[in-house]
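Convention: sequence-line order gives letters A, B, ...; per-chain numbering from 1.
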There are 2 protein chains.
Amino acid sequence: MSKQLVVLDTPADQVCCPPIAEAALDAAQATDLARMFKALGDPIRLRLLSRITSAPEGEICVCDLTGDDFDVTGPTISHHLKTLREAGLIEGERRGTWVYYRPVVENLRQLAALLAI
Amino acid sequence: MSKQLVVLDTPADQVCCPPIAEAALDAAQATDLARMFKALGDPIRLRLLSRITSAPEGEICVCDLTGDDFDVTGPTISHHLKTLREAGLIEGERRGTWVYYRPVVENLRQLAALLAI
DNA sequence: CTCCTGTCTAGATGACTATCTAATCAGCCG
DNA sequence: CGGCTGATTAGATAGTCATCTAGACAGGAG
């Protein structure tokens, strides 16, 4: 089995929807959107996302995320990054030795718009 | 043990924070905020919140949420409402026979602001 | 008071998740 | 190639969660 390490998987693209206060979500929309919110529902992932979105260059090296700031092991960080990636909130790219992550802005904006009251 | 059914519990008041893209969240802020996002991370809760926030009167009777739209039992709906309530996203009040829920607007707005990019 | 309806709590169960250690893959350097 | 570092995957385990059924509580009607 030749499973490759594919960092750039393209997931959950373009979900939808007006603000939740305007029209009731249907089940299918809710399922997609809940996947994204669920990914935000962990303190470590939220901090990772914050570090990624606030990176000055628009992206950040994983090597800058595995420092002592988060007191979990490297594989755990990697697991959380994968969760954020599969939710469509970030995307990653390997360049030589290092892997860089950046936010998927339109999906983050969509979540923000959804909560606008 | 005289545990009363208190629908109006006051939880998680006023958490904080500039947009995640402006400054990295610290661990304490992330914990509070993740609790709210986690509550949004379930399709049924997201739909419930949508129904509540989009209710024409600004609130909605639980009896209007336990219909056939959601194919889970009444207690499960009740459980999800409790989760949303304890996360500080909605608040409820009994008036006679019925219980009404309404959104906690400032907390929803806070989440939206947090995701602004 | 007694019955009925609406809503919630309690307890059980199966599924999922966060975390770890160990192992693997990718790329660089000598 | 052989070894080194960065990052991910695999597999195990303990804890959490969504859901159900059964039972309890609140309030109104007879």
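- Between A:Tyr100 atom OH and D:dA7 atom P the separation is 9 Å, expressed in whole Å.
- Residues in residues 61-70 of chain B take part in these side chain to side chain donor-acceptor pair (under 3.5 Å) pairs, two or more places apart or across chains: B:Arg51-B:Asp69.
- The nucleotide whose nearest atom lies closest to any side-chain atom of A:Ser78 is, among C:dC8, D:dG6, D:dT9, D:dT9.
- Of the candidates A:Leu49, A:Leu46, A:Leu65, A:Leu48, A:Leu48 is the only one forming a side-chain contact (heavy atoms from CB on, under 4.5 Å) with A:His80.
- The two residues A:Leu81 and A:Val62 have their closest heavy-atom pair at CD1-CG2, 4.0 Å.
- If you measure from atom CD1 of A:Ile90 to atom P of D:dA7, you get 13 Å, rounded to the nearest angstrom.
- One hydrophobic cluster, built from ILVMFWY side chains closer than 4.5 Å, cannot hold both A:Leu40 and A:Val104; they sit in different ones.
- Considering every non-hydrogen atom in both A:Ala30 and B:Pro43, the closest pair reads CB-O, 3.7 Å.
- Among the heavy atoms of the strands, none lies under 4.0 Å from A:Arg95.
- Look at CH2 on B:Trp98: it is 12 Å from C1' on C:dC4, rounded to the nearest Å.
- Here the P atom of nucleotide C:dT17 and the NZ atom of B:Lys38 are 11 Å apart, to the nearest Å.
- The interatomic distance linking B:Arg85 (CZ) with C:dT9 (C1') rounds to 11 Å, in whole Å.
- Contacts with DNA chain D (heavy atom under 4.0 Å) in residues 56-65 of chain A: A:Cys61, A:Val62, A:Cys63, listed by number.
- Annotation for A:Ala24 and B:Ser54: closest pair N-OG, 4.1 Å, computed over non-hydrogen atoms.
- Heavy-atom minimum distance, A:Arg109 versus B:Ile117: NH1-O, 3.3 Å.
- Following rounding to the nearest Å, A:Arg94 (CZ) and C:dG27 (P) show an atom-to-atom distance of 6 Å.
- In this structure, A:Leu115 and B:Ala112 approach most closely via the heavy-atom pair CB-CB, 3.8 Å.
- The two residues A:Asp42 and B:Ala34 have their closest heavy-atom pair at C-CB, 3.6 Å.
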List, with names and distances, any nitrogen or oxygen atoms from the protein found under 3.5 Å away from nitrogen or oxygen atoms belonging to nucleotides 19-23 of chain C.
| unit_1 | atom_1 | unit_2 | atom_2 | d |
| --- | --- | --- | --- | --- |
| C:dT19 | OP2 | A:His80 | NE2 | 2.3 |
| C:dC20 | OP2 | A:Thr73 | N | 2.9 |
| C:dC20 | OP2 | A:Thr73 | OG1 | 3.0 |
| C:dC20 | OP2 | A:Thr76 | OG1 | 2.7 |

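- In this structure, CZ of B:Arg35 is placed 16 Å from C1' of D:dC17, rounded to the nearest angstrom.
- Per the geometry, NZ belonging to A:Lys82 stands 14 Å off C1' belonging to C:dC25, to the nearest Å.
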